[in-house]
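Input: a single structure, listed below in structure tokens.
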Amino acid sequence: MIFAKRALLPSGWVGNVRVTVDGGRIASVTAGAAPAAGDARVDTLLPALANLHSHAFQRAMAGMTEYRAAGRESFWTWRDLMYRFLDRLTPEQMEAIAAQVQVEMLEAGFASVGEFHYVHHQPGGAPYRDIAELSSRIMAAAAETGIGLTHLPVLYSYGGAGQAPLQGGQLRFGNDVARFARLVEAARDAARDLPGDTVVGIAPHSLRATCPEDLAAALPIAGDAPVHIHVAEQPREVADISAWLGARPVEWLLDNAPVDGRWCPIHATHMTETETAALARSGAVAGLCPITEANLGDGPFNGPQWIAAGGAFGLGSDSNVRISLTEELRTLEYSQRLRDLARNVMVPGAGSVGAFLYDGAARGGARALGRDAGEIAAGRLADLMAVDTGHPTLCALSEGQILDGLCFAAPDGVVTDVWAAGRHRVSGGRHVARDAVAVRYRQAVAALVSAA
């Protein structure tokens, strides 16, 4: 069903590969094959990456928060602007923005997304008649775009460390554990109308937005599904949690929560070397969002120590200020180079940085989203991406350099085709619903701006 001049298999690069897909999964992978009539023919086939962390609605804010006001700008001043933006967002606009984000992700080469979804209620905090109204809007967008969805309803109960009360824009997020359980159940009911690769996990927002008792009560709601949590993104967060709970955020989680391979700590930017090694050994997948982390001034992840401890990682676009698979990869590496005044940092020992980054993000991202993907092999979900190695940024490279070229030289325009669980949604570099989705997105953001 797909014929590639070359494909990256678990064993390495292989030529003339034919991949058949059945029920969303790879049924067979045949090397040294000939194309058959009706096959989609591509140049170079790769396992597609998962985008493991997204707040879809923030895409509509891109470019609106880059003006320096009096005083020092920070993550916290950006957050205040985001809360004000939320006061005007309607369910219809949420769906239109999410669809646009998902189209852009697919065209960039991401086959799936982990939507860390914390906007649940009406402005002011009153729930919608359907408690999962806004979750259903994210799912409706996914049904239209065909992206693989891991939906992560967020438990957000407090306005800050020490169980501070919710205020302002936070009121749209708020749930106690009992209402959160009903929300997750309603979201799982809604997800039954989506393809079978859809997953609904949970996301305690952060230690500052919950409390130890609520976190312990909420974790069983996940079952075997993924658990995502923001942690140690900002120095102030680390200080606030330390003062409240008597331990740094990562330290506290490792001592008090059953952190394992189901978990995805998002950012984990400000960790000690001891915390880094211990979290890596837990099996948790570090959810790294290099473009957003740079945009918000978070700081760089502790990459070399994480890799040395055998830690898994994946990539997310978080605030969606820029949706680019290639730029997320290179920004992760460049953040390490700028800090360490060194080159070729994110690879253990000798070897291709691009290959290590790409393979690590493919496998780690899939695991973080509960997707049986991350490699081109029979039985796996058919999350696949094709690139054109005839592009000027790739045409002079050997096979062993293709992933280095993709990570450090290529634009996202080298992506020609994307399949999400076998759904062929991007062909010739264009998503099949790009134009219709873009019209609704423009209408939604125009209404948002006019309401300001």
Side-chain angles (χ1 to χ4, degrees), residues 52-53 55 71-80 82-83 116 118 154-167 170 173 203-216 218-219 227-259 263-282 284-309 311 313 316 318-319 332 335-336 338-340 368:
L52 57 67
H53 188 67
H55 309 301
R72 183 174 180 178
E73 290 285 327
S74 69
F75 165 84
W76 306 99
T77 56
W78 172 89
R79 189 180 73 160
D80 289 341
M82 183 264 287
Y83 288 163
F116 196 103
Y118 56 78
V154 170
L155 174 64
Y156 199 120
S157 302
Y158 304 106
Q163 298 175 265
L166 297 170
Q167 55 185 324
Q170 295 172 332
F173 314 158
H205 179 273
S206 57
L207 290 181
R208 68 178 187 270
T210 183
C211 69
E213 297 77 17
D214 288 356
L215 179 61
L219 289 176
V227 177
H228 289 216
I229 185 170
H230 289 132
V231 64
E233 181 178 3
Q234 287 280 324
R236 179 176 137 188
E237 175 190 6
V238 174
D240 288 350
I241 296 301
S242 297
W244 174 38
L245 298 179
R248 295 164 56 87
V250 171
E251 176 189 12
W252 189 92
L253 274 178
L254 290 170
D255 287 344
N256 294 278
V259 180
W263 283 62
C264 182
I266 304 298
H267 306 306
T269 308
H270 299 282
M271 294 190 291
T272 66
E273 290 193 10
T274 299
E275 290 170 342
T276 302
L279 187 59
R281 289 194 298 268
S282 75
V285 178
L288 308 178
C289 308
I291 293 175
T292 294
E293 288 155 4
N295 181 267
L296 296 181
D298 290 346
F301 179 72
N302 193 3
Q305 286 74 31
W306 185 262
I307 292 170
F313 65 91
D318 196 346
S319 69
L332 173 56
S335 68
Q336 310 297 302
L338 287 167
R339 181 196 58 220
D340 295 348

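For the single chain, residues carry numbers from 1 onward in sequence order.
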Problem - Candidate pair Trp244 and Arg208, rule side chain to side chain contact (heavy atoms under 4.5 Å, CB included), full reasoning - result: CA-CA 9 Å; Trp244 174 38; Arg208 68 178 187 270; 5.9 Å; no

Handout entry: Distance-minimising heavy-atom pair for Ala218 and Leu155
Key = CB-CD2, 3.7 Å

Exercise for the section: Could you list the residues that satisfy ring-ring contact (aromatic ring centres under 6.0 Å, His included) with Phe173, not counting sequence neighbours? Expected result: Tyr83, Tyr118, Tyr156

Handout entry: His228: partners by ring-ring contact (aromatic ring centres under 6.0 Å, His included), with sequence neighbours left out
Key = none

Problem - For Phe301, all residues meeting ring-ring contact (aromatic ring centres under 6.0 Å, His included), sequence neighbours excluded - result: Trp306

Practice task
For Leu52 and Leu288, run side chain to side chain contact (heavy atoms under 4.5 Å, CB included): C-alpha distance rounded to whole Å, both residues' side-chain angles, the deciding distance at 0.1 Å, then the answer.
Solution key: CA-CA 9 Å; Leu52 57 67; Leu288 308 178; over 6 Å; no

Handout entry: Gly159 to Leu166 - nearest heavy-atom pair and separation
Key = N-CD2, 3.7 Å

Exercise for the section: Looking only at non-hydrogen atoms, find the nearest pair between Ala277 and Ala309 and report the distance. Expected result: CA-CB, 3.9 Å

Practice task
Enter the distance from Ser242:OG to Leu207:CG here, rounded to the nearest 0.5 Å.
Solution key: 10.0 Å

Practice task
Mind checking the CZ-CD spacing from Arg248 to Glu275? Nearest 0.5 Å is all I need.
Solution key: 4.5 Å

Exercise for the section: Please check if the side chain of His53 supplies one atom and the backbone of Phe116 the other of a donor-acceptor pair under 3.5 Å. Expected result: no

Practice task
Decide yes or no for Pro304 and Asp340: does some side-chain heavy atom of the first lie under 4.5 Å from some side-chain heavy atom of the second?
Solution key: yes

Exercise for the section: Taking all non-hydrogen atoms of both residues into account, name the closest pair between Pro300 and Gln336 and its distance. Expected result: CB-NE2, 4.2 Å

Handout entry: Distance-only side-chain donor-acceptor flag, Asp318 / His267, under 3.5 Å
Key = yes

Exercise for the section: Could you tell me the separation between the NE2 atom of His55 and the SG atom of Cys289, rounded to the nearest 0.5 Å? Expected result: 7.5 Å

Exercise for the section: May I have the step-by-step check of side chain to side chain donor-acceptor pair (under 3.5 Å) for Thr292 and Ser319, ending in yes or no? Expected result: CA-CA 6 Å; Thr292 294; Ser319 69; 3.0 Å; yes

Handout entry: Side chains of Pro265 and Val250 in contact at under 4.5 Å (non-hydrogen atoms)
Key = no

Handout entry: Matching residue for Pro204 among Leu253, Val154, Leu215 - test: side chain to side chain contact (heavy atoms under 4.5 Å, CB included)
Key = Leu215

Handout entry: Partners meeting side chain to side chain contact (heavy atoms under 4.5 Å, CB included) with Glu273 (sequence neighbours left out)
Key = Asn302, Gln305

Exercise for the section: Under the side chain to side chain contact (heavy atoms under 4.5 Å, CB included) rule, what do Ile229 and Ile266 come out as? Steps first, then yes or no, please. Expected result: CA-CA 6 Å; Ile229 185 170; Ile266 304 298; over 6 Å; no

Practice task
Find the distance between CD1 (Ile291) and CG (Leu296) and round it off to the nearest 0.5 Å.
Solution key: 12.0 Å

Practice task
Decide yes or no for Ser206 and Val231: does some side-chain heavy atom of the first lie under 4.5 Å from some side-chain heavy atom of the second?
Solution key: no

Problem - Student check: side-chain heavy atoms of Val285 and Trp263 closer than 4.5 Å - result: no

Exercise for the section: State, yes or no, whether a side-chain contact exists between Leu245 and Pro212 at a heavy-atom distance under 4.5 Å. Expected result: yes

Exercise for the section: Locate the shortest heavy-atom distance separating Pro249 from Glu237; write the atom from each residue and the value. Expected result: CG-O, 4.4 Å

Fill in the blank from the handout: Applying salt bridge (charged side-chain N to carboxylate O under 4.0 Å, His left out) to Glu293 and not counting sequence neighbours gives none

Exercise for the section: Report the C-alpha distance between His205 and Thr210 in whole Å, list the side-chain angles of each, state the deciding distance to 0.1 Å, and finish with yes or no for side chain to side chain contact (heavy atoms under 4.5 Å, CB included). Expected result: CA-CA 7 Å; His205 179 273; Thr210 183; over 6 Å; no

Fill in the blank from the handout: By side chain to side chain contact (heavy atoms under 4.5 Å, CB included), Pro165 pairs with (sequence neighbours left out) none

Completion exercise
Heavy-atom nearest pair, Cys264 first then Ala286, reads SG-C, 4.5 Å

